[in-house]
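Notes follow once the structure below has been shown.
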Number of protein chains: 2
Amino acid sequence: MSVPNWVQDSIFYQIFPDRFANGQDKNNPKKVLPWNAKPTIVGFHGGDIKGIIDHMYYLLDLGINAIYLNPIFLSPSNHRYNAVDYFQIDPKLGSKLEFFTLLDVAHRNEMKVILDGVFNHCGRGFFAFNDVLENQADSPYTDWFHIKKYPVDAYSPGDATTYEGWWKYKSLPKFNTSNPDVEEYILKVARYWIEQGIDGWRLDVPNEINDDEFWMRFREVVRSANPDAYLVGEIWDGDPRWVGEGHFDGLMNYPVRTLIIDVLNGEITTDKFSHDLKKWQTKYAQENTNAMYNLLGSHDVERFLTKVNGNLGKAKLGYLLLFTLSGVPAIYYGDEIGLLGGKDPDCRRTFHWDESQWMTPLRDWIKKLIRVRKDKVALRRGVFKLLETETHKNCLAFVRVMDSECGLTVINIDNAAMELTVDLSGTPLAAYKSLRNVMATEEYQVIDKKITIKLQAVSGVLLFPY
Amino acid sequence: MSVPNWVQDSIFYQIFPDRFANGQDKNNPKKVLPWNAKPTIVGFHGGDIKGIIDHMYYLLDLGINAIYLNPIFLSPSNHRYNAVDYFQIDPKLGSKLEFFTLLDVAHRNEMKVILDGVFNHCGRGFFAFNDVLENQADSPYTDWFHIKKYPVDAYSPGDATTYEGWWKYKSLPKFNTSNPDVEEYILKVARYWIEQGIDGWRLDVPNEINDDEFWMRFREVVRSANPDAYLVGEIWDGDPRWVGEGHFDGLMNYPVRTLIIDVLNGEITTDKFSHDLKKWQTKYAQENTNAMYNLLGSHDVERFLTKVNGNLGKAKLGYLLLFTLSGVPAIYYGDEIGLLGGKDPDCRRTFHWDESQWMTPLRDWIKKLIRVRKDKVALRRGVFKLLETETHKNCLAFVRVMDSECGLTVINIDNAAMELTVDLSGTPLAAYKSLRNVMATEEYQVIDKKITIKLQAVSGVLLFPY
């Protein structure tokens with residue numbers, strides 16, 4: 001019941017299905033927007049499952065071996081966080097057969113696929129909620145929700161007052177998960193898709209289902225259907241309560257994302273960064289730390305490149321950190337080609353399939369990081385340890401150590417070039433004569449268990465002895 | 001593409017699933033009513049698919065070989081004419097597996113099963129309508145319905161004004177079947193369940209989809225999936241337009257039901273009855289006349305026994321007519337045990353499984369009629385012909401002739417006993433020396449091609465030569 005082995009070896013790619021690729025027009029919704037139009041709250045761009053299948057070569061070439069798909073079940077919205085039927089693929093995305101084809105193509109290429117499980121709330125079109133609207137107090141499903149008053153009013157303007165909605169949204173009726181029938185329904189959904197072949201669930205706002213027993217049973221059901229399924233919770237603040245045997249293998253690691261962005265933007269010092277990073281890298285059991293879903297972007301936040309003002313150097317440093325810290329690196333679709341985007345819905349722009357629009361150096365950098373991470377077990381499973389640097393203002397050095405393998409990351413976030421000396425004592429690296437920057441070509445001599453590195457402004461290296 | 005052979009050999013039994021039998025409590029809706037409680041507009045009694053399977057012996061013993069099931073797809077109402085998902089069995093009735101088991105058990109016993117296809121309108125929880133409510137004018141599904149005005153208002157009190165609802169009901173949004181996407185969806189549903197093994201569709205208010213091309217394609221899709229599928233339309237007034245190659249094999253024969261009830265109740269003379277009956281028995285091609293769905297009761301009208309004021313004699317005469325006229329006799333569940341019931345919802349009372357409450361003579365009569373009809377091809381496929389009676393006031397005689405086989409029905413609806421002489425000239429019966437009442441034991445001599453029969457008040461005979 002511990003973390004599945006494959007998780008730590010994964011490079012995740014998050015896909016917002018309406019925006020990644022449009023594989024066929026036949027399932028385009030009516031009124032589909034032009035592919036390159038700016039995203040709106042309600043508009044559809046026509047991305048679909050066929051599009052993902054068709055671009056599998058792109059993901060494989062990049063080095064991806066795990067996909068996290070934003071919701072794909074039947075829903076009236078482009079984000080699909082208001083599900084109408086948890087057993088159906090939205091026809092605007094394609095058929096169940098196409099989804100199974102995606103799973104098949106992925107698995108034949110050693111790629112995992114996890115789905116977004118939104119079990120805290122549903123959409124107003126969900127059958128049990130519709131039943132309440134139709135039958136009001138007579139409905140057999142009144143205790144599937146938190147009804148406060150009759151008649152239940154779901155469609156007039158304003159906040160939800162007659163029932164509990166997520167963030168008071170009328171459109172998102174909250175499930176009463178303490179009702180055993182609701183729990184049974186949710187567990188049936190969880191088991192069904194695992195049995196159909198998905199490799200895990202990303203759980204949406206699971207802390208709003210504030211019930212350890214519920215999640216214990218959820219985990220049991222999923223793991224008994226597939227002992228190798230990955231469970232990752234969307235817990236924004238990070239909290240050991242949600243990590244481990246009774247809950248999730250990892251969390252979406254927003255705190256570390258915030259630290260990385262803050263330090264790159266000079267909002268916090270490297271001291272503060274190091275201090276907090278250490279805290280986050282030791283907060284959970286080692287295997288869970290290594291199974292955190294580490295991200296720089298997602299459908300819920302501004303694009304990473306936008307957060308660093310389009311600065312390529314900062315972006316590269318961000319990914320260097322993402323790929324060398326403990327935890328599973330995850331790329332939000334398009335971040336690797338330099339997509340920009342402000343807050344939702346702008347962070348959900350469509351992917352550019354015209355390569356002339358790509359920020360190629362960034363993509364090459366990420367592709368290289370993926371190859372290195374796949375090559376070096378220390379980056380995937382090693383222990384994190386900060387090292388002392390003589391000039392540590394705006395600089396940072398840390399190693400990941402796994403048995404005799406050890407990798408050293410050194411970064412300079414200053415706007416000036418800097419020469420720094422790193423003490424390798426206590427690491428396997430001290431025994432070597434020289435270290436090589438695997439992201440480029442240069443070598444550094446180890447002298448007296450120390451190395452001295454000259455780093456350009458806003459840059460970093462990743463050193464291994466071979 | 002003509003009428004499937006099995007149809008004319010069928011004895012249909014119509015089941016309103018919530019009210020026939022409760023096979024298991026586990027799928028009872030919350031707040032289920034006691035089985036014997038009076039029906040209400042919104043209440044559930046817990047009938048289910050398992051209940052039908054469990055009572056298959058009852059249907060087989062009665063002699064039934066075809067079932068027409070009222071709607072069983074996911075829906076918030078007990079009648080389920082407002083479907084939320086045409087591909088799902090309502091969980092209050094059971095699982096898809098249980099439905100397939102029902103089909104299997106039925107088919108192993110040479111019993112057919114047809115479903116109620118409600119394609120003119122859906123429920124407000126149907127995904128495409130929910131999408132319109134969620135996205136309003138931006139919805140990709142606005143042209144799946146007849147939207148008149150935005151915002152679409154589906155849940156405030158009063159008639160539907162912002163869109164077209166069946167009979168202005170907000171709860172029943174009418175499909176825009178001239179939209180090819182809608183047609184494709186409906187045809188997909190039609191094909192799916194045929195492919196799953198059902199033996200035909202009873203089409204709900206099909207004349208409200210006033211589109212011959214649509215029904216032509218519907219028929220093609222169904223028949224190409226199963227050339228032996230029966231299509232029967234709910235056309236209350238009867239109309240040759242809806243019968244034949246491009247439409248349905250038969251119609252629910254309400255006009256003949258009305259005639260039978262009216263003549264039994266003395267509202268029309270036997271002359272008028274004979275005249276109109278002749279019209280209805282010759283209105284359609286012979287094979288379609290023989291494939292009409294002949295009924296005395298349904299979920300939409302007062303129970304037959306209630307219509308004849310609980311009079312057993314009249315009831316028996318009604319069934320004698322039903323089983324000897326051209327067309328497929330259909331029994332509305334419980335009518336055979338003498339269930340009473342006024343207009344909807346009262347006509348949807350639960351079946352009595354306590355035999356002490358049965359009107360046994362009626363059930364025995366019907367069971368006998370079923371056996372005779374199965375035995376006599378003339379009753380199933382013969383040509384209908386009225387005969388002259390010397391005393392014809394309140395009396396009626398007709399034959400069904402198939403090659404050399406011929407059966408003679410004679411009824412007296414008068415409150416006094418009557419002796420009448422029937423002229424058998426021009427029928428195969430004229431050649432025999434005597435005729436036997438197959439519903440009892442008595443024999444009648446044929447003298448001079450005539451027979452003289454003494455009939456008690458409100459009674460009838462069914463005569464065959466052997």
Side-chain angles (χ1 to χ4, degrees), chain A residues 26-33 40-44 46 73-78 80 82-85 87-88 90-92 95-96 122-144 151-157 170-172 179 181 184-185 188, chain B residues 26-33 40-44 46 73-78 80 82-85 87-88 90-92 95-96 122-144 151-157 170-172 179 181 184-185 188:
Chain A
K26 73 173 184 184
N27 52 10
N28 283 358
K30 288 273 154 48
K31 306 171 194 177
V32 71
L33 298 168
T40 64
I41 298 281
V42 298
F44 290 88
F73 305 145
L74 181 66
S75 162
S77 66
N78 56 37
R80 300 190 176 82
N82 48 346
V84 159
D85 190 331
F87 291 99
Q88 278 190 60
D90 195 302
K92 299 186 287 294
S95 65
K96 204 172 262 191
C122 59
R124 285 176 284 209
F126 182 69
F127 81 98
F129 192 75
N130 168 255
D131 200 298
V132 172
L133 294 184
E134 297 293 333
N135 296 308
Q136 296 288 341
D138 290 316
S139 169
Y141 297 100
T142 50
D143 52 0
W144 279 48
V152 170
D153 162 28
Y155 281 101
S156 68
K170 276 206 177 81
S171 58
L172 301 174
N179 175 347
D181 293 341
E184 187 190 333
Y185 180 87
K188 205 171 131 195
Chain B
K26 74 173 186 186
N27 52 10
N28 284 357
K30 287 273 155 49
K31 306 171 194 178
V32 72
L33 297 168
T40 63
I41 299 280
V42 299
F44 289 89
F73 305 145
L74 181 66
S75 162
S77 66
N78 55 37
R80 299 189 176 81
N82 48 345
V84 159
D85 189 332
F87 290 99
Q88 279 190 61
D90 195 302
K92 299 186 287 293
S95 64
K96 205 173 262 192
C122 59
R124 286 177 284 208
F126 182 70
F127 82 98
F129 191 75
N130 167 255
D131 199 298
V132 173
L133 294 185
E134 298 293 331
N135 295 310
Q136 296 288 341
D138 290 316
S139 169
Y141 297 101
T142 50
D143 53 1
W144 279 47
V152 171
D153 162 28
Y155 281 101
S156 68
K170 276 205 177 80
S171 58
L172 300 174
N179 176 347
D181 293 341
E184 187 190 333
Y185 180 87
K188 205 170 131 196

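Worth knowing before you read on, the calculation uses all heavy atoms, side chains too, and leaves out hydrogens, waters and symmetry mates. Lettering follows sequence order; numbering is per chain, from 1. Not measured: the values here are computed from a predicted model.
- Contact between A:Lys31 and B:Ser139 at its shortest, heavy atoms only, is NZ-O, 2.9 Å.
- Summarising the geometry, atom CG belonging to B:Asp85 is positioned 10.5 Å from atom CZ belonging to A:Phe127; distances are rounded to the nearest 0.5 Å.
- A:Asn78 pairs by the side chain to side chain donor-acceptor pair (under 3.5 Å) definition with nothing, not counting sequence neighbours.
- More than 12 heavy atoms of other residues, nucleotides or ligands shown are found within 6.0 angstrom of NZ on A:Lys96.
- The greatest number of non-hydrogen atom pairs below 4.5 Å with chain A, out of B:Val84, B:Asp138, B:Thr142, B:Asp143, is found for B:Asp138.
- Neither the backbone nor the side chain of A:Thr40 comes within less than 4.5 Å of any heavy atom in chain B.
- Interface remark: of the candidates A:Ala128, A:Gly125, A:Ala154, A:Gly125 forms the most heavy-atom pairs closer than 4.5 Å to chain B.
- Within the 4.5 angstrom heavy-atom criterion, only side-chain atoms of A:Leu74, from C-beta onward, approach chain B.
- Looking at A:Asn28, there are no atoms closer than 4.5 Å to chain B (heavy atoms on both sides), in backbone or side chain.
- Contact of A:Pro151 with chain B is not made at all, since no heavy-atom distance falls under 4.5 Å.
- Every side chain to side chain donor-acceptor pair (under 3.5 Å) that A:Lys30 has, sequence neighbours left out, goes to B:Asp181.
- Scanning all heavy atoms of the two residues, the minimum distance from A:Glu134 to B:Ser171 falls at OE1-CB, 4.0 Å.
- The only member of B:Pro76, B:Ser75, B:Ser77 that meets side-chain contact (heavy atoms from CB on, under 4.5 Å) when paired with A:Asp131 is B:Pro76.
- When heavy atoms are compared at a cutoff of 4.5 Å, A:Tyr141 approaches chain B solely by way of its side chain, counted from C-beta outward.
- Counting heavy-atom pairs closer than 4.5 Å to chain A, the top-ranked of the candidates B:Pro140, B:Gly123, B:Ser156, B:Pro91 is B:Pro140.
- Heavy atoms of other residues, nucleotides or ligands lying less than 6.0 angstrom from CD of B:Glu184 number 12 at most.
- Using a 4.5 Å cut-off between heavy atoms, A:Asn135 contacts chain B through its side chain alone, with no backbone atom that close.
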